[in-house]
Amino acid sequence: MIKRLRDSLRTLLGRDRFEREMAAELEAHLEHLVDDLMAQGISRREALRRARASFGSVDGVKEEARAARGVRWADELRGDLRYAFRALKHSLAYTAVAVLTLALGIGANTTIFSVVNGVLIKPLPFPESSRLVHVTRDYPLGSLWIYRADGSSYSAVAAYAYWSEVNIFTADEPERIRGRRVSTEFFTVLAVEPALGRALRAGEDAPGAVPVAVISDGLWRRRFGADPAVIGRSVPVDGTPRDIVGVMPPGFAFPVAGTEIWLPVALDPKLQATVWGGNGATLSAGSSQGSRWLGRMPSIGP
Amino acid sequence: MAPTPELLQGTLDMLILKAVSLGPMHGYGLLLRIQQFSRDTLQIHQGSLYPAVYRLEHQGLLASEWGTSEHNRRAKFYQLTPAGRRRLKDERESWARLVEAIGAVLGATTAEVPT
């Protein structure tokens with residue numbers, strides 16, 4: 001079965017050669033027949049006539065030979081298609097309406113599926129993404145402390161602020177890159193291990209902590225020449241020297257592509273008391289933008 | 001001379017395989033072989049030969065190669081593949097059984113069915 005399919009395919013692909021060889025073979029056969037007839041003393045013209053007559057229709061034989069090779073369906077398909085196109089050309093209005101309807105239908109369907117696929121069906125590119133919960137409401141920064149304390153419905157909670165562009169000064173050249181301020185549980189919640197070094201640690205977002213940063217793989221290769229000794233190097237970010245503590249693996253860019261540096265949020269526990277009573281303006285300057293949340297459900301069991 | 005018996009397609013295939021088994025040959029030569037061995041009783045219609053040969057090649061029972069014939073003409077020569085040899089053997093056995101069975105029916109002398 002496979003052998004026959006392969007043979008049919010080979011014949012289809014080398015169709016010209018097949019036709020030429022078949023014609024040559026049938027021609028040779030006729031020539032042999034003529035030779036033998038002439039050997040019996042018959043004139044060439046008469047021999048030719050008799051040979052052709054006894055052979056029958058050459059085209060008929062060719063058709064049968066093509067069928068024997070299993071290529072007739074391809075010929076018939078081609079013929080049917082050509083006929084269909086001719087018929088459609090005759091009634092352009094009908095064809096136009098049909099094509100338009102198909103186009104709209106297919107287009108709408110594809111669009112809807114793409115959106116649904118991206119939003120609902122495709123799993124997030126993080127390990128254990130089924131346990132991740134993303135809340136996109138804006139919260140005042142100080143409320144992070146409250147959610148941290150409450151461990152009942154989430155096993156870990158992280159927050160991140162709106163992106164900002166920061167100036168990073170490396171190799172005597174400043175560059176503006178996209179950065180995010182994130183809470184220290186950020187990398188734990190996403191469960192992505194840095195490729196080099198470590199992620200942010202608890203306490204690094206407290207006031208007075210040593211300023212640190214985690215950089216992306218792209219930034220590492222571009223500005224630091226993929227140097228493994230980058231861990232521990234101090235790099236000025238918006239004027240503040242920060243120690244680089246980790247490099248994320250390639251392909252990690254949360255929450256948007258192009259995020260190249262993650263800095264701890266600047267939290268001030270003294271503000272906790274003012275969250276519920278006061279106005280947002282008294283919160284630390286860095287958080288006048290809101291913050292968003294990531295949560296992680298505790299294990300639901302096997 | 002008795003009229004040429006009608007050949008079933010499967011029978012023609014078997015004869016072609018046998019003719020090829022005697023040595024590589026082109027289509028016209030195969031036709032002659034069958035004719036000569038049957039003492040001219042079997043006259044294969046020219047147009048039936050090539051579809052049958054192409055079918056056998058399609059099934060992998062024959063292999064083909066271009067060569068020069070004894071008349072110094074270019075022709076396509078066929079020979080048996082190992083699969084073809086096996087098929088020929090099977091066909092001969094089936095044929096022998098068929099002939100025996102038909103012969104038994106035709107040779108019946110009484111109306112009684114053998115027990």
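What you see is a predicted model, and the numbers here were worked out from it, not measured in a lab. Here is the naming used below: chain letters follow the sequence lines, and residue numbers restart at 1 for every chain.
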Does atom [atom1] of [X] have more than 12 heavy-atom neighbours from other groups under 6.0 Å away?
X         : atom1 : result
Trp95(B)  : CH2   : no
Arg92(B)  : CZ    : no
Glu65(B)  : CD    : no
Glu100(B) : CD    : no
Leu102(A) : CG    : yes
Arg198(A) : CZ    : yes
Glu193(A) : CD    : no

Segment of [X] engaging chain B (4.5 angstrom heavy-atom cut-off):
X        : value
Glu63(A) : neither
Ser8(A)  : both
Leu26(A) : side chain
Ala24(A) : both

Correct closest heavy-atom pair for Ser54(A) and Gln46(B) would be O-CG, 3.4 Å
Distance-minimising heavy-atom pair for Tyr50(B) and Glu25(A) | CE2-OE2, 3.3 Å
Between [options], the one whose heavy-atom pairs under 4.5 Å with chain B are most numerous:
options                      : value
Glu31(A), Arg4(A), His32(A)  : His32(A)
Ala65(A), Gly60(A), Ala28(A) : Ala65(A)
Leu30(A), Asp7(A), Thr11(A)  : Asp7(A)

Would you say the side chain of Leu32(B) lies within less than 4.5 Å of the side chain of Asp36(A), judging by non-hydrogen atoms?
-> yes
In terms of the angle between their ring planes, are Tyr28(B) and His29(A) parallel, tilted or perpendicular, with boundaries placed at 30° and 60°?
-> perpendicular
Contact origin within Leu49(B) toward chain A - heavy atom pairs under 4.5 Å | side chain
Could you check which of Glu57(B), Arg74(B), Arg73(B) has the highest count of heavy-atom pairs closer than 4.5 Å to chain A?
-> Arg73(B)
